[in-house]
Amino acid sequence: MKISIITATWNSGKTVRDTIESVLRQSYQDIEYIIIDGASKDNTVDIIREYEPRFNGKLKWKSEPDKGIYDAMNKGLAMATGDVVGLLNSDDFFTSNDVIEKVSEAFDSPMLEAVYGDIHFVDPNNLQKCVRYCGSKRFRRWKMIMGFMPTHPSFYCRREIFGYLGNFDTSFKVAADFEQLLRFIYIGRIRTKYIPKDFVTMRTGGHQLRDGRATRKYCVTICVPIRKTMCAPTISSRVYVISANSLSSE
């Protein structure tokens with residue numbers, strides 16, 4: 001089973017080495033690594049080129065202007081050929097060397113469509129100092145209507161799901177990851193499994209953390225039409241997407 005890992009970069013020279021190194025250290029070997037760079041002006045592309053030979057053909061990358069992180073992620077999804085796909089941000093890294101191995105083992109079940117686990121945040125000046133642990137053990141599908149979701153950096157999904165439930169909605173300034181998970185888990189009712197494992201180490205100050213307040217505001221707004229509907233699981237995705245986009249365009 002091939003697993004595709006996508007990293008979006010933009011002026012990520014200070015952190016992307018840790019990201020790439022953590023992919024190289026994975027014990028699971030059938031990995032396709034995809035890096036989408038947004039025409040960085042620092043040394044990000046030089047670092048990617050430096051590491052490319054060490055992947056023995058398993059690294060794909062491109063550097064060109066994009067319309068933001070979700071556009072970059074969609075480009076990565078378009079390039080992915082793996083059976084399962086996950087994302088690893090350019091200032092994050094895998095917490096241990098067996099993360100993808102555990103993901104692969106879970107997908108031995110043919111009925112399973114996605115998995116998720118835990119993550120933790122660290123002080124960017126001291127990567128050994130955990131400042132927040134985010135566990136997904138208590139996540140339940142119904143909690144999404146209140147704006148809760150499993151930790152997105154730990155989410156791995158069969159690639160075919162993106163084909164019929166869609167990629168990231170780039171009209172969102174933030175929270176496109178929540179909207180996508182809502183579409184997959186709550187609306188699409190995909191079959192998921194929680195893996196009790198710390199998947200990813202995230203530096204504080206990253207994309208989602210910087211926009212935390214706005215993200216929470218959008219998540220709640222996305223869910224409003226669903227909470228007002230008794231038949232929520234069958235509601236058309238267009239209804240809540242249009243509602244949320246009216247806010248994101250403000």
Side-chain angles (χ1 to χ4, degrees), residues 3-8 34 36 66-80 82-90 92 103 112-117 119 134 136 139-194 199-200 202 206-209 211-212 214-227 232-249:
I3 298 180
S4 298
I5 304 167
I6 300 169
T7 296
I34 300 169
I36 306 297
D66 56 46
K67 298 176 183 178
I69 188 170
Y70 298 122
D71 181 42
M73 290 175 177
N74 282 343
K75 289 181 180 181
L77 288 169
M79 291 174 62
D83 303 288
V84 172
V85 181
L87 303 168
L88 183 65
N89 295 325
S90 63
D92 306 340
V103 170
L112 189 65
E113 294 174 308
V115 300
Y116 56 86
I119 63 171
C134 296
S136 297
F139 169 78
R140 298 294 183 272
R141 193 190 309 268
W142 63 266
K143 291 185 178 182
M144 298 196 81
I145 63 174
M146 296 186 294
F148 294 97
M149 68 176 181
T151 55
H152 194 270
S154 72
F155 184 77
Y156 282 76
C157 185
R158 292 194 187 274
R159 182 165 57 92
E160 63 198 48
I161 300 297
F162 296 93
Y164 63 83
L165 290 180
N167 293 344
F168 292 97
D169 186 338
T170 57
S171 66
F172 287 87
K173 296 176 183 178
V174 293
D177 51 354
F178 175 80
E179 187 277 331
Q180 185 187 65
L181 289 185
L182 186 70
R183 193 173 354 119
F184 283 20
I185 299 174
Y186 194 83
I187 304 298
R189 314 289 289 184
I190 64 171
R191 293 178 290 272
T192 64
K193 178 182 179 180
Y194 167 68
F199 278 39
V200 175
M202 303 182 68
H207 171 73
Q208 292 300 334
L209 217 59
D211 298 323
T215 300
R216 179 65 178 170
K217 180 182 178 184
Y218 288 171
C219 289
V220 172
T221 302
I222 291 169
C223 293
V224 167
I226 296 180
R227 288 203 297 265
T234 60
I235 188 173
S236 167
S237 61
R238 288 189 61 191
V239 176
Y240 68 83
V241 170
I242 290 171
S243 173
N245 283 348
S246 68
L247 174 62
S248 65
S249 62

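Ile161 is not listed as a side-chain neighbour of Arg183, based on a closest heavy-atom distance of 4.5 Å or more. Between Arg159 and Ser4 the shortest side-chain heavy-atom distance does not fall below 4.5 Å.
Once rounded to the nearest 0.5 Å, the distance linking CE of Met73 with CZ of Phe162 reads 10.5 Å. Put simply, CG on Asp83 and CZ on Arg158 are 7.5 Å apart, with the number rounded to the nearest 0.5 Å. Here the straight-line distance linking atom CG of Asp92 with atom CD1 of Ile119 works out to 7.5 Å at 0.5 Å rounding. For the atom pair CG (Leu181) and OG1 (Thr151), the distance works out to 9.5 Å, reported to the nearest 0.5 Å. Here the CD1-CZ distance, from Ile185 to Arg140, works out to 12.5 Å after rounding to the nearest 0.5 Å. Here CD1 of Ile6 is found 4.0 Å from CG of Leu77. Values are rounded to the nearest 0.5 Å.
Annotation: side chain to side chain contact (heavy atoms under 4.5 Å, CB included) contacts of Asp71 (sequence neighbours excluded): Asp66, Lys67, Lys75, Thr170. In this view, Arg191 and Glu113 satisfy the salt bridge (Lys or Arg N to Asp or Glu O under 4.0 Å) rule, not counting sequence neighbours. Legend: residues meeting ring-ring contact (aromatic ring centres under 6.0 Å, His included) with Phe168, ordered by chain and number and at least two apart, are Tyr70, His152. By the side chain to side chain contact (heavy atoms under 4.5 Å, CB included) test, Ala114 pairs with Phe155, Cys157, Ile190, Thr192, sequence neighbours left out.
Side chain of Ser136 to main chain of Pro150: no donor-acceptor pair is present (N/O by atom type, distance under 3.5 Å, no hydrogens or angles).
Using the six-membered ring where Trp is involved, Tyr116 and Tyr194 have ring planes that are tilted, between 30° and 60° apart.
Shown here is Lys143, whose NZ atom has more than 12 heavy atoms of other residues, nucleotides or ligands within 6.0 Å.
Contact record, Ala176 with Asp169: CB-O, 3.6 Å, taken as the closest heavy-atom pair. Among all heavy-atom pairs drawn from Ile69 and Ala8, the shortest one is CG1-CB, 4.2 Å. Smallest separation of non-hydrogen atoms from Leu88 and Thr7: O-OG1, 2.8 Å.
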